[in-house]
Amino acid sequence: MCLGIPAKVVQIDKPNLGKVDYLGTRVKTNFELLDNLKVGDWVIVHAGFAISKLDEEEARETFSILREMAEKEALANKNKEREKQSNKQKG
Amino acid sequence: MKELRDKRVIRGLLSEIEKRTRELPSSSRIMEVCGTHTMTVHRYGLKNMLEKVGVEMVSGPGCPVCITPNEIHEAAIELVTENENFILTTFGDMTRVPTRKSSLQKAVPAAGSMVKIVYSPRESLEIAGSSPEKQVVFFGVGFETTIPAIALILREAVEKKLANFSILSALWIIPPPLKAIVKAKEIALDGFLYPGHVSAIIGEKPYQFIAKEYGIPGAITGFEPSDILLGIFSILNQIRDGNPTVSNEYSRVVRASGNPKALAVMEEMLETKDSYWRGLGLIPQSGLKIKKEYSAYDAEIKFNLRIKGGSGDLPGCRCGEVLQGLISPPQCPLFVEKCNPDSPYGPCMVSFEGACFVYYKYNPTIKNEL
């Protein structure tokens with residue numbers, strides 16, 4: 001029920017109505033709950049209403065934390081691998 | 001956005017989570033409040049992965065279709081079976097909820113009446129506009145995510161003086177049941193994953209009492225697997241540091257103060273009331289109703305429906321306990337054999353975000369048994 005879909009604003013007709021693009025499909029959407037929306041913005045759409053505008057800077061920050069997590073893990077794995085290798089050589 | 005489902009990211013987060021749980025004296029139990037979170041937790045196999053690293057996930061009350069007591073579902077069924085020329089519009093899940101009076105899908109409407117499934121509440125207004133000879137009732141159910149949309153169409157109906165339109169409301173606010181669950185102390189919880197899209201509307205503040213008064217950590221979380229793990233990681237950090245708070249791990253969508261326009265239209269059209277929740281019983285100030293000045297659009301008043309209490313559960317259905325995290329769906333004796341998505345006995349098996357449905361759909365061992 002609280003499913004919200006990230007979609008891109010592609011058309012603003014009247015002040016509060018327009019269309020978003022969701023995976024290639026253009027969907028009629030009501031923009032009344034958001035201010036200062038423009039074509040190209042990303043929004044979360046729920047039951048035909050855009051309920052929040054995506055903050056790109058915040059998104060970038062979260063994604064960089066996530067990438068860091070992946071890199072940490074990759075590095076830890078590499079170190080484990082190296083340890084194994086050197087243990088083998090010792091053995 | 002690919003990071004959100006990237007296997008390397010997920011592995012990285014899980015290993016960081018494991019490091020944290022090793023620092024803690026015991027395993028942690030975290031409630032995912034929202035049914036859409038329950039879906040992510042199970043769909044991507046996070047439930048089992050997390051259990052292996054010392055985090056137990058339990059489902060909460062975040063399924064509006066499920067927590068709506070049978071009495072309200074039955075009132076909707078009666079409206080359309082006992083009145084001619086009625087159109088009842090609602091979301092798809094709502095039509096399949098079984099009650100003592102059948103379901104909206106199976107009940108036979110009176111002459112000229114029908115049930116219509118809508119994707120957006122707005123469609124109901126369009127139907128009312130194009131069918132002036134019929135009474136159109138929108139059976140509107142939802143949490144704060146959906147309520148602003150319902151408040152907006154109510155305002156539009158009032159402005160257009162749509163005399164054949166009204167709303168049968170089943171509108172629920174998320175923080176009060178969390179307080180009820182914490183206060184009841186029937187389940188010990190170490191943290192809450194707060195629902196991302198409810199929070200997009202209400203912001204961070206309404207949860208703060210849980211950290212401040214009850215000392216329970218929490219994180220507002222998005223709906224991708226990495227979002228969920230990031231939320232859990234934050235909760236574990238709060239536990240370790242002895243610093244319970246409401247952290248916002250979904251800051252790309254959720255602002256600290258929520259969505260002011262949405263809150264304003266809710267405030268303008270609706271007011272709080274004490275409400276019955278399935279399983280949880282009567283919770284003070286946990287529901288919203290249409291304000292008195294707009295009562296011409298309140299189906300409960302317009303059609304003199306006397307909806308009482310919340311005791312109409314079908315015998316044997318344990319959905320109410322599932323909604324409080326007291327039992328997990330497989331612990332219900334009806335699960336799988338007597339209650340499954342093809343033939344649901346209770347609402348938790350009907351809704352796509354009902355815990356019973358999700359456990360059924362994403363548990364491979366259940367499918368092997370069939």
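Just so it is clear, the values below take in all heavy atoms, side chains as well, and ignore hydrogens, waters and symmetry mates. Each chain gets a letter, A, B and so on, in the order the sequences are listed, and its residues count up from 1.
With a threshold of 4.5 angstrom between heavy atoms, A:Asn30 approaches chain B through side-chain atoms but not through N, CA, C or O. Residue B:Val198 touches chain A through its side chain alone, counting heavy-atom pairs closer than 4.5 Å. Proximity to chain B (any heavy atom under 4.5 Å) is shown, for A:Leu34, by both the backbone and the side chain. With a threshold of 4.5 angstrom between heavy atoms, A:Ala74 does not approach chain B through any atom at all.
The CD atom of A:Glu61 sits 6.5 Å away from atom OG of B:Ser251, with the distance rounded to the nearest 0.5 Å. Note that the CZ atom of B:Phe143 and the NE2 atom of A:His46 stand 10.5 Å from one another [nearest 0.5 Å]. With rounding to the nearest 0.5 angstrom, the OG1 atom of A:Thr62 is 10.0 Å from the CD atom of B:Glu3.
Residues B:Val265 and A:Leu33 form a side-chain contact, since some pair of their non-hydrogen atoms from C-beta on lies under 4.5 Å apart. Counting heavy atoms from C-beta outward, A:Phe49 and B:Pro148 have side chains that stay 4.5 Å or more apart.
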Test salt bridge (Lys or Arg N to Asp or Glu O under 4.0 Å) on B:Arg8 and A:Glu73; report intermediate values, then the result. CA-CA 8 Å; B:Arg8 288 165 304 177; A:Glu73 172 73 0; over 6 Å; no
Evaluate the side-chain contact (heavy atoms from CB on, under 4.5 Å) criterion for residues B:Phe233 and A:Met69: first the C-alpha distance (whole Å), next the side-chain angles of each, then the deciding distance (0.1 Å), finally the verdict. CA-CA 11 Å; B:Phe233 184 58; A:Met69 292 277 184; 3.6 Å; yes
Can you check side-chain contact (heavy atoms from CB on, under 4.5 Å) on A:Ile44 and B:His197, steps first, answer last? CA-CA 9 Å; A:Ile44 296 287; B:His197 292 147; 3.6 Å; yes
Could you walk me through whether B:Asn259 and A:Ser52 pass side-chain contact (heavy atoms from CB on, under 4.5 Å), step by step? CA-CA 7 Å; B:Asn259 178 333; A:Ser52 176; 5.7 Å; no
Report the C-alpha separation of A:Leu66 and B:Asp6 in whole Å, then their side-chain angles, then the decisive distance to 0.1 Å, and conclude whether the side-chain contact (heavy atoms from CB on, under 4.5 Å) test is met. CA-CA 9 Å; A:Leu66 294 177; B:Asp6 188 319; over 6 Å; no
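For A:Glu56, the CD atom sits in a loose shell: 12 or fewer heavy atoms of surrounding residues, nucleotides or ligands are nearer than 6.0 Å. Other residues, nucleotides and ligands place no more than 12 heavy atoms under 6.0 Å from the OH atom of A:Tyr22. Crowding of B:Phe352 atom CZ: a count of heavy atoms from other residues, nucleotides or ligands under 6.0 Å not exceeding 12. The environment of CD in B:Glu159 is crowded: more than 12 heavy-atom neighbours from other residues, nucleotides or ligands sit within 6.0 Å. Shown here is A:Lys19, whose NZ atom has no more than 12 heavy atoms of other residues, nucleotides or ligands within 6.0 Å. In this structure, B:Glu156 places its CD atom where more than 12 heavy-atom neighbours from other residues, nucleotides or ligands lie under 6.0 Å away.
Between chain B and the options A:Glu68, A:Glu58, A:Lys53, A:Glu57, the largest number of non-hydrogen pairs under 4.5 Å is found for A:Glu58. Contact count against chain B (heavy-atom pairs under 4.5 Å) is highest for A:Ala47 among A:Gly4, A:Ala47, A:Gly48, A:Ala70.
The minimum heavy-atom distance between B:Arg255 and A:Leu54, with the atom names listed, is NH2-C, 4.4 Å.
With respect to B:Arg155 and A:Glu32, a salt bridge is recorded, a charged nitrogen being found less than 4.0 Å from a carboxylate O.
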